[in-house]
Amino acid sequence: MLKFNQKYFYWTIILFIIEVCIAVFINDGFIRPLIGDVLVVILIYCFIKAFWQIKSLTVALSVFAFACLIEVLQYFNFVNYLGWQKYKILAVALGSTFDWKDIIAYAIGTATILWLEHRQTIIN
């Protein structure tokens, strides 16, 4: 099950750089909240696929469930509850505000993953 995949690793690095650039340089109402959330699901997916050989559907749905879990925990203000608000990077990464639009963005990211993987299967 543990198998390094260079293609997914490169995509992980590229998406991570894009996410950092969005977080540091963009503060708008569309790219940062929507595109950033779409890309974070794809980023986590690529990271997992870079190191483990697991079916794409399993990874994609697991990442979507994980993202939704984090979003629900935001509703309960878990970062403050655990006292992590003083760790700026952690607090920003985990978020602090529940928003249904984030779950929609995660679903779009998951659908994009599944579409791209299905397309790749057809091409190969």
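If you're wondering where the values come from, they're calculated on a predicted model, not measured in any experiment. Starting from 1, each residue takes its place in the sequence as its number.
- Between the side chains of S56 and Y45, at least one donor-acceptor pair of N or O atoms lies under 3.5 Å.
- Considering CD1 of I26 and CD1 of I35, their distance stands at 9.5 Å, rounded to 0.5 Å.
- Without hydrogens or angle criteria, Q74 side chain to L94 main chain gives a donor-acceptor distance under 3.5 Å.
- Atom CZ of F16 sits in a sparse spot, with 12 or fewer heavy atoms from other residues, nucleotides or ligands closer than 6.0 Å.
- Residue I48 holds its CD1 atom at 7.0 Å from OG of S62, rounded to the nearest 0.5 Å.
- Side-chain contact check for W84 versus F78: some heavy-atom pair is nearer than 4.5 Å.
- Note on I44: it clusters hydrophobically with I17, by side-chain heavy-atom contacts below 4.5 Å among ILVMFWY residues.
- Cluster annotation: W100 and L73 are assigned to the same hydrophobic cluster (Ile/Leu/Val/Met/Phe/Trp/Tyr, side-chain heavy-atom contacts under 4.5 Å, transitive).
- Nearest heavy-atom pair, I42 versus G109, reported as atom, atom and distance to 0.1 Å: CG1-O, 3.8 Å.
- Remark: F47 CZ is loosely packed, at most 12 non-hydrogen atoms of other residues, nucleotides or ligands lying under 6.0 Å away.
- Across A105 and V38, no two heavy atoms sit closer than the pair O-CG2, 3.4 Å.
- Between L34 atom CG and D28 atom CG the span is 9.5 Å, to the nearest 0.5 Å.
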side-chain contact (heavy atoms from CB on, under 4.5 Å) between F51 and Y8, intermediate numbers included: CA-CA 8 Å; F51 297 101; Y8 286 110; over 6 Å; no
Chi angles and distances behind the ring pair (Phe, Tyr, Trp, His ring centres under 6.0 Å) call for Y81, F76: CA-CA 8 Å; Y81 180 75; F76 295 105; over 10 Å; no
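- Counting only N and O atoms by type, the side chains of E71 and Y75 include no donor and acceptor under 3.5 Å apart.
- Remark: Q85 CD is packed, more than 12 non-hydrogen atoms of other residues, nucleotides or ligands lying under 6.0 Å away.
- Pairing each heavy atom of A50 with each of T12, the nearest pair is CB-OG1, 4.4 Å.
- Closest approach of C46 and L15 over heavy atoms only: SG-CD1, 4.1 Å.
- Dense packing is recorded around CG of L69, with more than 12 heavy atoms of other residues, nucleotides or ligands lying under 6.0 Å away.
- Linking ILVMFWY side-chain heavy atoms closer than 4.5 Å, directly or via other members, places L114 and Y106 in two distinct hydrophobic clusters.
- To the nearest 0.5 Å, atoms CG (L39) and CD1 (I14) are separated by 12.0 Å.
- Listed here is the closest heavy atom pair of V41 and A67: CG2-CB, 4.3 Å.
- Atoms CG and CZ, from D37 and R32 in turn, are 10.5 Å apart once rounded to the nearest 0.5 Å.
- When all heavy atoms are compared, the tightest approach of V59 to K49 is CG2-CD, 4.0 Å.
- Here the straight-line distance linking atom NE2 of H118 with atom CD1 of I113 works out to 15.5 Å at 0.5 Å rounding.
- Following chains of ILVMFWY side-chain contacts shorter than 4.5 Å, one cannot reach M1 starting from L61, and the two form parts of different hydrophobic clusters.
- Side-chain heavy atoms closer than 4.5 Å link hydrophobic residues (I, L, V, M, F, W, Y) into clusters, and following such links, possibly through other members, connects I31 to V40.
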